[in-house]
2 protein chains.
Amino acid sequence: MHSKKYYKAIHQIIVTGHWITDQVGKDLKEYGITEPQFNVLRILKGQKGDPITVQEIQERMVQRSSNVTRIVDKLLDKELVNRQECPTNRRKMDITITQKGLEELEKLDDKVGHFHDQFQGNLSEEELETLATLIKKLKGE
Amino acid sequence: MHSKKYYKAIHQIIVTGHWITDQVGKDLKEYGITEPQFNVLRILKGQKGDPITVQEIQERMVQRSSNVTRIVDKLLDKELVNRQECPTNRRKMDITITQKGLEELEKLDDKVGHFHDQFQGNLSEEELETLATLIKKLKGE
DNA sequence: TGCATTTATTTGTTTAAACGATTAATGTAT
DNA sequence: ATACATTAATCGTTTAAACAAATAAATGCA
């Protein structure tokens, strides 16, 4: 049997984690983009021009790679990314973000940033550090 | 712009929250039940025999009530719950858990409990308390 | 009472997630 | 070099989520 405090802490993490992605998802919807699509764009931006494969995207997303293909499909439709065969391994696909994708992402980041504004300042830097550390410790990291 | 520590803490919450529900969901799948269905069963058990309406379930689930009907449908198919018209207000439905539902839930709780076993002990009671408090404070509660 | 409004649940429809199977390219062992 | 296994991405199908609309009962009130 687990302690009450254990479940309360776990519950906070679960509820808050889902609540944040839900809220962000709603904000993004105004821009006709889903949360996973947004995530892919951010990953691609982080590559700073370097191409990345479907598999690598999947690894950073904790999502089935089967669906990453379809997420990239959607982004292609909107011309926010490029997809081309990897020259050294024709099984792989090189995905990059387009200029339009970068511009769109800037708007999205802005919107998401405003969502976070309301929480910024509720915890001190030290408290934020403690929070992250405690969750990692909870997971055994 | 938000601090690095802010994003790290938020990231931990999101990733961990989703990871836990994913893992629990996988465990439950062996028993042919989904996470939302499991949630409804737990809410019903908490009622200790007291009937509860679809709407009240929805409020405790942070889910669209449109889908709660369908979740209850699934549970009815498995004979884990009862649904009957509320005698005082015929718009409402009184949902209760059946004996079979309680027995099934016991098994599920057991399985989920074993999942949590691995983390129990990673944090002290005091740390768990701090963790829950910090998340609440982050949200401004 | 009669009628508009609100409340509670259900149903319909579109979209995305989960999972498996498939295709195609590459790596490896004989 | 050929056969076999592995890897990478895609496609197909089933199931659930999101959202809107519909149904039906209760409430408020002129």
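By convention in this document, chain letters (A, B, ...) are assigned in the order of the sequence lines, proteins followed by strands, and residues within each chain are numbered from 1. Heavy atoms only: backbone and side chains are in, while hydrogens, waters and symmetry mates are out.
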- Query: Which of these passes side chain to side chain donor-acceptor pair (under 3.5 Å) with B:R83: B:T69, B:T96, B:D73, B:D94?
  - Reply: B:D73
- Message: Between A:K78 and A:G32 (side chain of the first, backbone of the second, donor and acceptor by atom type, cut-off under 3.5 Å), is there such a pair?
- Response: yes
- Item | N/O donor-acceptor pair under 3.5 Å between B:T16 side chain and B:I13 backbone | no
- Query: Under the salt bridge (charged side-chain N to carboxylate O under 4.0 Å, His left out) test, which residues partner B:E103, sequence neighbours left out?
  - Reply: none
- Rounded to 10°, the helix from C:dT1-D:dA30 to C:dT30-D:dA1 deviates from straight, judged by its five-pair end axes, by 10°
- Under 30°, 30 to 60°, or over 60°: which ring-plane class applies to A:F115 and A:W19, parallel, tilted or perpendicular? tilted
- Nearest-angstrom distance from the residue atom CD of A:E85 to P of C:dT23: 18 Å
- Note on the structure: By nearest-heavy-atom nucleotide on DNA chain C, the more 5' of A:P87 and A:R64 is A:R64
- Backbone N/O of A:L80 and side chain of A:T98: donor-acceptor pair under 3.5 Å: yes
- Atom-to-atom span, CD1 of B:I57 to P of C:dT9 - whole angstrom: 9 Å
- Task: Check the side chains of A:K139 and B:Q12 for a donor-acceptor pair under 3.5 angstrom, ignoring hydrogens and angles.
- Result: yes
- Item | Rounded distance in Å - CD (B:Q84) to P (C:dT10) | 13 Å
- By a strict heavy-atom criterion of less than 4.0 Å, which residues belonging to residues 12-31 of chain A are in contact with DNA chain C? none
- Expected output: side-chain A:S65 to main-chain A:V68 donor-acceptor under 3.5 Å: no
- What pairs with B:H11 under ring-ring contact (aromatic ring centres under 6.0 Å, His included), at least two apart in sequence or on another chain? none
- Task: Determine the contact category for A:R90: base if any of its heavy atoms lies under 4.0 Å from a base atom, sugar-phosphate if only primed atoms, P, OP1 or OP2 are that close, otherwise nothing.
- Result: sugar-phosphate
- Item | Among B:K136, B:K5, B:K137, salt bridge (Lys or Arg N to Asp or Glu O under 4.0 Å) partner for A:E127 | B:K137
- Query: What residues form a salt bridge (charged side-chain N to carboxylate O under 4.0 Å, His left out) with B:K111, not counting sequence neighbours?
  - Reply: B:E30
- Item | Sequence-aligned protein contact record of nucleotides 7-17 of chain D, with B where the base is within under 4.0 Å of a protein heavy atom and S where only the sugar-phosphate is | BSSBBB---SS
